[in-house]
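Data block below; observations after.
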Amino acid sequence: MKRKAVLGIGAVAIAGLLGGCAFGGSGTSSGGSTPDGPVTLTFQSLAYQDSTVAATKEIVDSWNADHPDIQVNLTQGSWDNVHDQLVTQFQGGTAPDIIHDESSDIMGFANQGYLADLSPYLSDDVKSAVSDDVWDTVTTSDGKIVAAPTLLQTYVVFANKDAFAAAGVDLPSGDQLTWDELAADAKKLTANGNYGVGWGLKQPTAAVMNTSLGFDGTFFDVKDDGSATIDVGDDELAVPEAIHAMAYDDSSLDPVTLTQSGSDVLPGFLGGKYAMYVGGNFLAQQIGESAPAGFNWTVLPPLAGSAGPVQAANPQTVSVSAQSKYPEQATEFIDYFMNADNQAKLAQGDWLIPTSAPARDLVAQQTGADSVWVPILKTGEQLKGAPFQKATNYPQWKDQYATPGLQQYFSNSIGLDQLKQQLTDGWSSIG
């Protein structure tokens, strides 16, 4: 669940919060060592929102206070360049002991032997708290668990309740919102220069890949070694086609927003230009912080395709470098990081869904009947692993072919057949 900062904090603020910790891994031995004295581990965190940076620091400080023999130093990474940064670190032998990333990015590193197997060290409580479907996203074909899955992002529809009321459109309720229903409501809500939907899809690949599972769109057939073949058919193209139709056939989705980032589109939603705003559930925090007084908003039921309200479970992850001297001690910290209290704290800081069932229950208990948290948590009920997460060359395909191809399609520069050809030929050229 890689995310771009919408209202990020500055590097100086981050450095101050993290205490100016030094950067770098703690060793190059892959088998683990018996410490002669106190152990110092580095944890490269990608948290960027104020609340989540603070929550992460609080968790680390609490651990350090209780574990004088295993100290954790925080370092700061970025979602924007984490893959390239890790490539450099692994190749240079400077990888941090504990690595924050996402499941779709780590499997290539795992297949190259850069990540430690956590299965001998993770506690039974942590293993049982997360569903098998989610564990599968961080497990190699030979059964090695190469990360602990932490938080989940889903794509949700935010709604201006007053805009619905003014247009005489019933606010969707129930267990799901189909794409057809979304399109129908968007048309009803489009009038007087305002649009039914705004959707910042400047970086469109993650949204398309994750929501395509709702139409059984899998894209890839992956073998045990991470190699894969691609099949871009009607199911895989259903989501791009639906988005394109709303923008260019119905004129109910502002096509300009498809070339913009989420932060570019958000002011239009808050200003009443868009009755609905589609994006990652983490945007709920920015809406809550930035909305004008009296802005009446909510989250609609989960988007559903022909296969139901299914999205890809692409969790944030915490791994241990195979270069670390102390994988057992690093995993002991990960066990602590994964407890329900800590995951609930992180989830509420980022408005994301904990992978841990006890943590989800705790978030539900702590947020009560909040009209935003209830549907957000519901979107996490039917998440499953997607083949793209285990395709070794997926990050390269995404950056070099899928993203530019979808950008061209959403700007109406190419047609659906050309998009299909670009996605297929692009994979063939690197696969």
Side-chain angles (χ1 to χ4, degrees), residues 3 6-7 49-51 153-201 207 211 243 246-247 250-254 256-258 260-304 309 347-353 363-381:
R3 297 179 295 119
V6 177
L7 295 178
Q49 299 196 101
D50 290 348
S51 53
Q153 174 186 303
T154 56
Y155 290 88
V156 301
V157 182
F158 300 96
N160 181 334
K161 295 167 72 172
D162 290 338
F164 273 77
V169 179
D170 291 336
L171 201 67
S173 60
D175 293 331
Q176 62 183 39
L177 173 68
T178 69
W179 283 84
D180 288 342
E181 290 168 339
L182 173 68
D185 284 347
K187 283 199 285 188
K188 297 174 187 176
L189 292 159
T190 299
N192 304 319
N194 295 327
Y195 290 87
V197 183
W199 193 344
L201 283 175
T211 56
I243 294 170
M246 283 191 286
D250 298 343
S251 299
S252 61
L253 191 164
D254 184 357
V256 173
T257 65
L258 299 179
Q260 297 176 320
S261 68
S263 59
D264 294 330
V265 181
L266 180 57
F269 175 63
L270 300 179
K273 185 175 183 179
Y274 312 118
M276 293 180 285
Y277 172 58
V278 187
N281 49 4
F282 69 93
L283 290 165
Q285 183 182 47
Q286 278 73 41
I287 296 173
E289 291 178 348
S290 306
F295 186 72
N296 194 11
W297 64 286
T298 190
V299 171
L300 300 183
L303 267 176
Q348 290 178 72
D350 259 349
W351 285 80
L352 295 176
I353 303 167
V363 171
Q365 175 187 329
Q366 292 172 345
T367 58
D370 184 277
S371 64
V372 174
W373 266 112
V374 169
I376 282 180
L377 290 173
K378 192 166 186 61
T379 64
E381 292 179 0

Are any of the side-chain heavy atoms of Phe158 and Leu283 separated by less than 4.5 Å?
yes
Quick one: side-chain contact (heavy atoms from CB on, under 4.5 Å) partners of Ser251, sequence neighbours excluded?
none
For residues 262-287, pull every pair meeting salt bridge (Lys or Arg N to Asp or Glu O under 4.0 Å), keeping only residues two or more places apart or in separate chains.
Asp254-Lys273
Correct closest heavy-atom pair for Ala284 and Val372 would be CB-CG1, 4.1 Å
How many angstroms lie between atom CD1 of Ile287 and atom CD of Glu289, to the nearest 0.5 angstrom?
11.0 Å
For Val197 and Ser252, what are the C-alpha separation, side-chain angles and deciding distance, and is it a side chain to side chain contact (heavy atoms under 4.5 Å, CB included)?
CA-CA 6 Å; Val197 183; Ser252 61; 5.7 Å; no
When rounded to the nearest 0.5 angstrom, what is the spacing between OG1 in Thr367 and CG in Leu377?
6.0 Å
Output all residues satisfying side chain to side chain donor-acceptor pair (under 3.5 Å) with Asp250, sequence neighbours left out; order by chain, then residue number.
none
Restricting to pairs with a member in residues 291-302, which pass salt bridge (Lys or Arg N to Asp or Glu O under 4.0 Å), not counting sequence neighbours?
none
Judged by atom type as modelled, is there a donor-acceptor pair below 3.5 Å linking the side chain of Gln260 to the main-chain atoms of Leu201?
no
Which residue pairs pass the side-chain hydrogen bond (donor to acceptor under 3.5 Å, both in side chains) test with at least one member in residues 168-181, sequence neighbours excluded?
Thr178-Glu181
For a quick test of reading the model, state the closest non-hydrogen atom pair linking Pro375 to Val299 and the distance between them.
CG-O, 3.4 Å
Which heavy atom in Phe164 sits nearest to a heavy atom in Pro172, and how many Å separate them?
CE2-CD, 3.6 Å
Could you tell me which residues satisfy ring pair (Phe, Tyr, Trp, His ring centres under 6.0 Å) with Trp351, sequence neighbours excluded, listed by chain and number?
Trp373
State which residues pass side-chain contact (heavy atoms from CB on, under 4.5 Å) with Ala167; sequence neighbours excluded, sorted by chain then number.
Val169, Leu189
Stepwise, does the side chain to side chain contact (heavy atoms under 4.5 Å, CB included) test hold for Asn160 with Met276?
CA-CA 6 Å; Asn160 181 334; Met276 293 180 285; over 6 Å; no
Under the ring pair (Phe, Tyr, Trp, His ring centres under 6.0 Å) rule, collect the residues that match up with Phe269, sequence neighbours excluded.
Tyr277, Phe295
Is there a donor-acceptor contact under 3.5 Å linking the side chains of Asp350 and Gln285?
no
Considering only heavy atoms from C-beta outward, does the side chain of Leu352 approach that of Asn281 to under 4.5 Å?
yes
The criterion is side chain to side chain donor-acceptor pair (under 3.5 Å); which residues satisfy it with Thr379, sequence neighbours excluded?
Thr154
Hey, does the side chain of Thr257 reach the backbone of Trp199 with a donor-acceptor pair shorter than 3.5 angstrom?
yes
Just grab all the salt bridge (Lys or Arg N to Asp or Glu O under 4.0 Å) pairs involving residues 155-164, residues at least two apart or on different chains.
none
Does the side chain of Leu300 reach to within under 4.5 Å of the side chain of Val156, using non-hydrogen atoms?
no
Can you find a heavy atom in the side chain of Pro309 that is under 4.5 Å from one in the side chain of Leu303?
no
